[in-house]
Amino acid sequence: MTRDTTGWALLGPGEQLVPWEFARRDLRADDLAVKVTFCGVCHSDLHAIDGAAAADLPLVPGHEFVGEVVAVGDAVSRFVAGDAVAVGNIIDSCGVCASCLGERQQFCEQVPTTTYGGRDRLDGTTTRGAYASEYVVRERFVYKLPAALDPAGVAPLMCAGVTVWDPLRHWGVGPGTTVGVVGLGGLGHLAVKFAKALGARVEVFTTSPGKTKASITLGADAVVLSTDHDAMAAVGGRFDFIIDTVSAAHDPSPYLRALAPDATLCVLAIPDEPWQVDPMSLLVGRKSLASTGSGGIRSTQEMLDFAAEHGIVADVEVLPAAKVNQALTRLARNDVRYRFVLDMLDA
Ligand code: NAP
Ligand code: ZN
């Protein structure tokens, strides 16, 4: 017996998302069923919708959500029905490769299962995301919702949050480091909050003059208008780490030049085309260009604990699920401060 679910799906390339009835799998022993309450709208959802081919359809996006456990499998030990939980963009991994054993499940050598558009490890079906009434997920990839935090603001922590938290931690951001955050959107505004709470000096690179004041309110110490060549030249050579969250294809070289010697630029977007980089921007100062994605289970839990301790959630604009297409249209034109979250109970 499968579980009837209503999702918001892309049924044809270039179309709007529409309500679509489908079946989730029946619970396995280590599965939970979660009634989705809030689901964030990530720019990756927009990329997936824009890039979807006929073979990818129907596509139900959504990979950062919170909700309530409504049923548990026989072997589930950490949750009971009624628990408030959060789920991110990785929902399974092999558990036995070096990456999984090293708590880097996001780099599982047998490919981690993504929350939508992935392949279920046991039955081979395509995963469908959390722009939906219900989600079925393996217990191991479910987190307790921190009680003190606003649930709608926690949903974006599960993709945007951990995706910036993990590199900030990996590259040792903290007291004494100067961090640049490029792009003040869903990922970027959380990078500012986390880096500041970790004790770093934080500067925002933005293309939007209107975000200058907001950057400071979020905790940034300074703002650089990245379209201003003189301002960019003035910051050359002094950042210990830069995290680049720009969603559009762009040349990372100006940000490499802004790094101090031996420092790293971590670019989080996944453009369709290979990067074009000026080799001299890497050579001068022995700089590194890196990327990463998501976070493992330990890192995700650490991020949630830190967020709870410091009262960090995303700044969200909550919309009824039925306004999902409006959210996507506004996200495409950079009209969001700083994350849309769909209220899945207000359809
Ligand atoms: P978002 O909320 O739309 O923010 C992106 C920001 O990029 C915008 O707020 C804007 O900041 C800047 N921007 C947009 N268009 C630009 C352009 N043409 N030129 C320069 N800057 C531009 O997106 P998001 O959800 O934070 O996601 C950011 C990127 O990360 C997306 O490409 C997404 O797919 C990717 N992502 C990667 C992972 C991963 O695991 N690696 C996970 C999640 C998301 P300003 O207005 O301040 O300039
Ligand atoms: Zn995402």
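One-based numbering, in listed order, for ligands and for the atoms of each. Below, all heavy atoms of this structure are taken into account, side chains as well, without hydrogens, waters or symmetry copies.
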Any chance you could measure [X], atom [atom1], to [Y], atom [atom2], to the nearest 0.5 Å?
X	Y	atom1	atom2	answer
Leu225	Lys211	CG	NZ	11.5 Å
Asp45	Leu331	CG	CG	8.5 Å
Arg298	Arg104	CZ	CZ	9.5 Å
Asp335	Phe340	CG	CZ	6.0 Å
Asn325	Ile49	CG	CD1	8.0 Å
Ile312	Asp315	CD1	CG	11.0 Å

May I ask you to identify the nearest protein heavy atom to [atom], giving residue, atom name and distance to one decimal place in Å?
atom	result
atom 4 (O) of ligand 1	Gly185 CA, 3.3 Å
atom 18 (N) of ligand 1	Ala248 CB, 3.3 Å
atom 22 (C) of ligand 1	Val246 CG1, 3.6 Å
atom 46 (O) of ligand 1	Ser208 OG, 2.5 Å
atom 29 (C) of ligand 1	Thr245 O, 3.5 Å
atom 10 (C) of ligand 1	Asn334 ND2, 3.5 Å
atom 37 (C) of ligand 1	Leu268 O, 3.1 Å
atom 30 (O) of ligand 1	Leu187 CD2, 3.7 Å

Select one of side chain, backbone, both or neither to describe which atoms of [X] lie under 4.0 Å from any atom of ligand 1, heavy atoms only.
X	value
Val204	neither
Ser226	neither
Ser44	both
His250	neither
Thr163	side chain

Out of all atoms in ligand 1, which are within 4.0 Å of some heavy atom of [X]? Include the element for each.
X	result
Leu184	9 (O), 11 (O), 45 (P), 47 (O)
Lys211	9 (O), 11 (O), 45 (P), 46 (O), 47 (O)
Gly183	11 (O), 47 (O)
Ser294	40 (O)
Gly293	39 (C), 40 (O), 41 (N)
Thr206	45 (P), 46 (O), 47 (O), 48 (O)
Cys159	42 (C), 43 (C)

Item checked: Distance-minimising heavy-atom pair for Gly7 and Phe22 ->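 Minimum heavy-atom separation between Gly7 and Phe22: N-CE2, 3.7 Å.
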
Next item on the list: Compare every heavy atom of Leu256 with every heavy atom of Ser288, then report the nearest pair and how far apart it is.
Entry: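 Heavy-atom minimum between the residues: O-CD2, 3.9 Å.
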
Check: Is the closest N or O pair between Arg339 and ligand 1 shorter than 3.5 Å?
Finding: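 Yes - when backbone and side-chain N and O of Arg339 are compared with those of ligand 1, one distance drops under 3.5 Å.
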
Check: Any N/O of Val336 closer than 3.5 Å to an N/O of ligand 1?
Finding: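 In this structure, Val336 places no N or O atom under 3.5 Å from an N or O of ligand 1.
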
Item checked: Val341 side chain near Pro156 side chain, heavy-atom distance below 4.5 Å ->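 In short, these two side chains touch, coming nearer than 4.5 Å.
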
Note to self: Pair Glu302, Arg169 - check salt bridge (charged side-chain N to carboxylate O under 4.0 Å, His left out), show working.
What the structure shows: CA-CA 10 Å; Glu302 191 188 72; Arg169 297 292 287 157; 3.3 Å; yes

Notebook entry, point to check: Ala160 near ligand 1, heavy-atom distance under 4.0 Å?
Noted result: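 So Ala160 does not count as touching ligand 1.
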
Notebook entry, point to check: Does Leu46 have a non-hydrogen atom less than 4.0 Å from ligand 1?
Noted result: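 Not so, Leu46 does not reach ligand 1.
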
Note to self: Judged on heavy-atom distance to atom 20 (C) of ligand 1, which of Asn89, Asp45, Thr207, Val162 sits nearest?
What the structure shows: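 Nearest heavy atom to atom 20 (C) of ligand 1 lies in Thr207.
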
Next item on the list: Tell me which one of His47, His43, His189 gets a heavy atom nearest to atom 1 (P) of ligand 1.
Entry: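 It is His43 whose heavy atom sits nearest to atom 1 (P) of ligand 1.
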
Item checked: Lys/Arg-Asp/Glu bridge criterion (N-O < 4.0 Å) met for Asp31, Arg3 ->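 Not counted as a salt bridge, because no side-chain N and carboxylate O are separated by less than 4.0 Å.
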
Notebook entry, point to check: Is Arg78 salt-bridged to Asp83, cutoff N-O under 4.0 Å?
Noted result: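 No, no charged N to carboxylate O under 4.0 Å.
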
Next item on the list: Look at the aromatic rings of His47 and His43 and report parallel, tilted or perpendicular, splitting at 30° and 60°.
Entry: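 Plane angle between 30° and 60°, so tilted.
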
Check: Relative to the ring of Tyr255, is the ring of Phe205 parallel (under 30°), tilted (30 to 60°) or perpendicular (over 60°)?
Finding: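 Perpendicular: the ring planes of Phe205 and Tyr255 meet at over 60°.
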
Next item on the list: Examine Leu190 and Val154 and state if one hydrophobic cluster contains both, with Ile, Leu, Val, Met, Phe, Trp and Tyr joined whenever side-chain heavy atoms are less than 4.5 Å apart.
Entry: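 Hydrophobic grouping puts Leu190 with Val154.
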
Item checked: Residue among Arg28, Arg128, Arg24, Arg138 satisfying salt bridge (Lys or Arg N to Asp or Glu O under 4.0 Å) with Asp120 ->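 The option that passes is Arg28.
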
Note to self: Using 2.8 Å as the threshold, say whether any N, O or S atom from His63 sits that close to the Zn ion (ligand 2).
What the structure shows: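 True for His63.
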
